[in-house]
Amino acid sequence: MTFQAYLDNIEAKTGLTPRQFVDLAHENGFDESTKATPIVEWLAADYGLGRGHAMALVHVITKGPQISDKHVGTGTAHSDPSNMLWLDGKATNPHP
């Protein structure tokens, strides 16, 4: 599953885009300096997200939408088409 697919699945499950989660995280006092555990616990308690999906959001909340080039364009199951994640919802993604 690609990184973007994790984010799209979170949106399908919760009805919230990744950008909305970033905004909610900031409202709850989480930012780039926050460790993963409190964010994972919040996402599990409030949104029922498992660790894998929560960790995808932890990356976006603490590091932003850019990901490593390691799996970009590799053609593998984890290959993303870009090193920039789309945070504004699956329906508006110009690179589905």
Side-chain angles (χ1 to χ4, degrees):
M1 180 182 303
T2 67
F3 203 133
Q4 187 65 55
Y6 266 97
L7 297 179
D8 293 345
N9 286 340
I10 293 166
E11 181 182 358
K13 178 178 176 142
T14 66
L16 297 169
T17 67
R19 184 151 335 266
Q20 289 171 308
F21 272 109
V22 170
D23 292 343
L24 287 167
H26 291 161
E27 288 173 17
N28 282 282
F30 303 128
D31 61 22
E32 62 278 346
S33 68
T34 307
K35 299 284 186 190
T37 300
I39 299 172
V40 169
E41 289 172 348
W42 164 64
L43 293 168
D46 288 10
Y47 300 98
L49 295 181
R51 182 162 179 81
H53 287 90
M55 288 304 292
L57 284 174
V58 166
H59 175 88
V60 173
I61 292 164
T62 61
K63 295 178 176 40
Q66 186 165 0
I67 59 172
S68 168
D69 289 331
K70 182 178 179 181
H71 296 294
V72 174
T74 61
T76 65
H78 299 293
S79 177
D80 277 284
S82 168
N83 68 351
M84 291 300 286
L85 298 167
W86 185 255
L87 303 183
D88 294 315
K90 185 177 179 179
T92 65
N93 190 339
H95 308 286

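Throughout, residue positions are numbered sequentially from 1 according to the sequence presented. Bear in mind that the values here come from a model prediction, so they are computed numbers and not experimental data.
If you take OG1 on Thr17 and CG on Asp23, they are separated by 7.5 Å, rounding to the nearest 0.5 Å. The CD1 atom of Ile67 lies 8.0 Å from the OG1 atom of Thr2; values are rounded to the nearest 0.5 Å. For the atom pair CZ (Phe3) and CE (Met84), the distance works out to 11.5 Å, reported to the nearest 0.5 Å. Rounded to the nearest 0.5 Å, atoms CD (Glu27) and CD (Gln20) are 10.5 Å apart. Atom CG in Asp80 sits 11.5 Å away from atom CE in Met1 (nearest 0.5 Å). Note: Gln66 CD to Asn83 CG = 4.5 Å, rounded to the nearest 0.5 Å.
The ring of Tyr47 has its center no closer than 6.0 angstrom to the ring center of His53.
When all heavy atoms are compared, the tightest approach of Gly73 to Ser79 is N-OG, 3.2 Å. A pairwise comparison of heavy atoms in Lys90 and Glu11 identifies N-OE1, 2.8 Å as the closest pair.
For the pair Asp46/Leu24, no side-chain contact is recorded, criterion being any heavy-atom separation below 4.5 Å from C-beta on. In this structure the side chain of Ile10 reaches within 4.5 angstrom of the side chain of Leu57, judged on heavy atoms.
The closest donor-acceptor contact from the side chain of Lys13 to the backbone of Gly48 lies under 3.5 Å.
In the hydrophobic clustering of ILVMFWY residues, with side-chain heavy atoms under 4.5 Å counting as a link, Tyr6 and Val40 come out apart.
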Verdict with reasoning, His95 to Trp86, per side chain to side chain contact (heavy atoms under 4.5 Å, CB included)
CA-CA 9 Å; His95 308 286; Trp86 185 255; 5.9 Å; no
Applying side chain to side chain contact (heavy atoms under 4.5 Å, CB included) to Leu7 and Phe21, what does each step give before you reach the verdict?
CA-CA 10 Å; Leu7 297 179; Phe21 272 109; over 6 Å; no
Could you check Leu85 against Val60 for side chain to side chain contact (heavy atoms under 4.5 Å, CB included), going step by step and ending with a plain yes or no?
CA-CA 9 Å; Leu85 298 167; Val60 173; 4.0 Å; yes
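Paired with Pro65 under the rule side-chain contact (heavy atoms from CB on, under 4.5 Å), one option of Leu87, Asp88, Val22 passes, and it is Leu87. When Asp31, Asn28, Thr62 are each tested for a side-chain contact (heavy atoms from CB on, under 4.5 Å) with Ile39, only one passes: Thr62.
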